[in-house]
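What follows is a set of notes on a single structure, which appears directly below.
The chains referred to below are lettered A, B, ... by the order of the sequence lines, with proteins before strands, and numbering in each begins at 1.
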Number of protein chains: 2
Amino acid sequence: MNIPSSPSFRPLYDQIKILITQSLIAGEWGPGDAIPSEIDLATRFKVSQGTVRKAIDELAAENIVIRRQGKGTFVASHSGERSSTRFLRISRDDGLAEYPQSDLLSVTRERAPENTAALLELRNGASIFCIKRLLSFEGKAQILDEIHVPAASFKGLDEHVIRAYTGSLYSFFESHFGIAMIRAEEHIKAVLAGPDEATHLKIAEGIPLLRIDRVAFTYGDRPVEWRRGLCHTNQFSYVTEMS
Amino acid sequence: MNIPSSPSFRPLYDQIKILITQSLIAGEWGPGDAIPSEIDLATRFKVSQGTVRKAIDELAAENIVIRRQGKGTFVASHSGERSSTRFLRISRDDGLAEYPQSDLLSVTRERAPENTAALLELRNGASIFCIKRLLSFEGKAQILDEIHVPAASFKGLDEHVIRAYTGSLYSFFESHFGIAMIRAEEHIKAVLAGPDEATHLKIAEGIPLLRIDRVAFTYGDRPVEWRRGLCHTNQFSYVTEMS
DNA sequence: TGTGTTATATCTTATATAAGTTATATGTTA
DNA sequence: TAACATATAACTTATATAAGATATAACACA
């Protein structure tokens, strides 16, 4: 029990939310799975259905779970048609965002420099994987990505397993490593294409690009990926909404 | 009443939400005002407090109203410390986002070209105001803005009234024209500084800039502003979050 | 192929208690 | 008396429970 007004006071529904999140962390239910019904959870946690409901409502608002009337509540996943573009904010100026073609350039194992280690909350020099890839829309290269993940959490990752997988990278992370990305922060700047970008994106040096830095988090706000994307925005835009 | 399963079926709380929104459109309560208490609204709309609560919950989630325990529920406003940076996604690489200094360059009355008219849902050639300004952080010019609003909704806008106002532009729009911005969509590209940008931002031509196109909406998803910002991202980033 | 059953989330109402805010009344003290 | 502190009351939203009706989906079975 919790004493109201005590410094550590949390409403019941918030405690339930934490308990559900802990089960997600523990892997009791994986991405795509149905979690127990509201009534079952209410029984399990010895609270009313309404309290469970409020907890699930908040998790649904954060896109951690998906509610489907009549079916149940499911752990959010990056697999599936709609989910694959959930974290992809680049779309064609004229129309809709289709998932791009991904071409793997390299997968290397490296030691995390200070900056990367700090962002991923690792110690300096921790082992990380660095994935380089090229995203193309309709055959035209648009985004050059450099993706860093802690090796400890992605054991067994190499070029072959990535190539063998068809689908988005986050969907791959889910199915092979049980790591679900639920939130990301991006910092965007405008930069000029250097020799490397020019080669891969088949553009001239000095063309302006978006440099999109992202830190992605899994359950419990644990950072598990840092990436830098260089994006050619000739016929594409980075789209976002605010309120 | 509403027949469930009919094509136009809306849950009660959603209908209440629409009614509250209509009162906002009608100006029954302006930005910063308290709306009636949940119990008062429940009486007025002849539904239970819980239903009103759910409607207000959603409006609060959309940042249309702000709930304050013990005080009441207030119409969201761009006035005030925290609110002024609500739509400002540019922040210093090292730290927090302070509200920048604004230097007005010009205010002109123009005829909306096709593109602008479409975005603002006006007829071609409709009268619009065009505001040009420069935003500076700590004395350093960073963003060159070109802002377009329909003249019909912003009667009496001119250089003098803008200059006379201290505070954010959206706060000004609220207090002088009763127009509250509640949502915005942005499309971002990387471009090169041209002569005009170079002059105002005090940079060389060819420096990469973010080009941020925004359409902002008021109650009922009515577009009332289109702006293009050109932003120098040497020491600043465009920051965004997704989930 | 239907048709009913069951399980799920969703919606609506009702009630009660907790907790934050403000104004007012009531002291208490200088 | 005047200034200040404290208690109380009245209002607000926030939290929690309960119960019933409805919408949607899946499945068993005739």
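Close to D/dC11, at under 4.0 Å from its OP1 or OP2, lies no side-chain N or O of B/Lys71. A close approach under 4.0 Å does not occur between any side-chain nitrogen or oxygen of B/Thr73 and OP1 or OP2 of D/dT12.
Nearest heavy-atom pair, A/Leu157 versus A/Phe177, reported as atom, atom and distance to 0.1 Å: CB-CZ, 3.7 Å. For the residue pair B/Trp226 and B/Leu120, the shortest heavy atom distance occurs at N-CD2, 3.7 Å. Between B/Val161 and B/Phe172 the shortest heavy-atom distance is O-CE1, 3.6 Å. The shortest non-hydrogen separation linking A/Cys231 to A/Ile90 is SG-CD1, 3.6 Å.
Side chains of B/Tyr238 and B/Glu186: a donor on one and an acceptor on the other come within 3.5 Å. B/Ser23 and B/Arg44 share a donor-acceptor pair across their side chains, judged by distance under 3.5 Å alone. A side-chain donor from one of B/Glu225 and B/Tyr170 sits under 3.5 Å from a side-chain acceptor of the other.
Across residues 35-44 of chain B, B/Ser37, B/Glu38 each have a non-hydrogen atom less than 4.0 Å from an atom of DNA chain D (numbered order). Taken residue by residue, residues 52-68 of chain B places heavy atoms nearer than 4.0 Å to DNA chain C at B/Lys54.
Among B/Ser83, B/Ser168, B/Ser77, the one residue that satisfies the side chain to side chain donor-acceptor pair (under 3.5 Å) test with B/Glu174 is B/Ser77.
Atom CD in A/Gln49 sits roughly 17 Å away from atom P in D/dT22 (whole-Å rounding). Note: CG (B/Leu12) to P (D/dT22) measures 13 Å, nearest angstrom. The nearest whole Å value for the distance from the CD atom in A/Gln15 to the P atom in D/dT17 is 11 Å.
Residue A/Gln69 places its side chain closer to D/dT24 than to any other of C/dT13, D/dA18, D/dT24. Which of C/dA9, C/dT13, D/dT15 sits closest to the side chain of B/Val47 comes down to C/dT13. Set against D/dA18, D/dT15, C/dT13, the side chain of A/Ser48 has D/dA18 as its closest nucleotide.
In this structure, B/Gly72 and A/Lys46 both approach DNA chain D, and ranking their closest nucleotides by distance from the 5' end singles out B/Gly72.
In this structure, A/Asn63 contributes its side chain and B/Ser243 its backbone to a donor-acceptor pair below 3.5 Å. Although no hydrogens or angles enter the test, the distance criterion places a donor-acceptor pair under 3.5 Å between the side chain of B/Lys189 and the main chain of A/Thr233.
B/Phe74 carries B/Arg68 over the face of its six-membered ring, with the cationic atom under 6.0 Å from the centre and within 45° of the normal.
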Could you go over nucleotides 2-6 of chain C and give all protein N or O partners under 3.5 Å, atom names and distances?
none

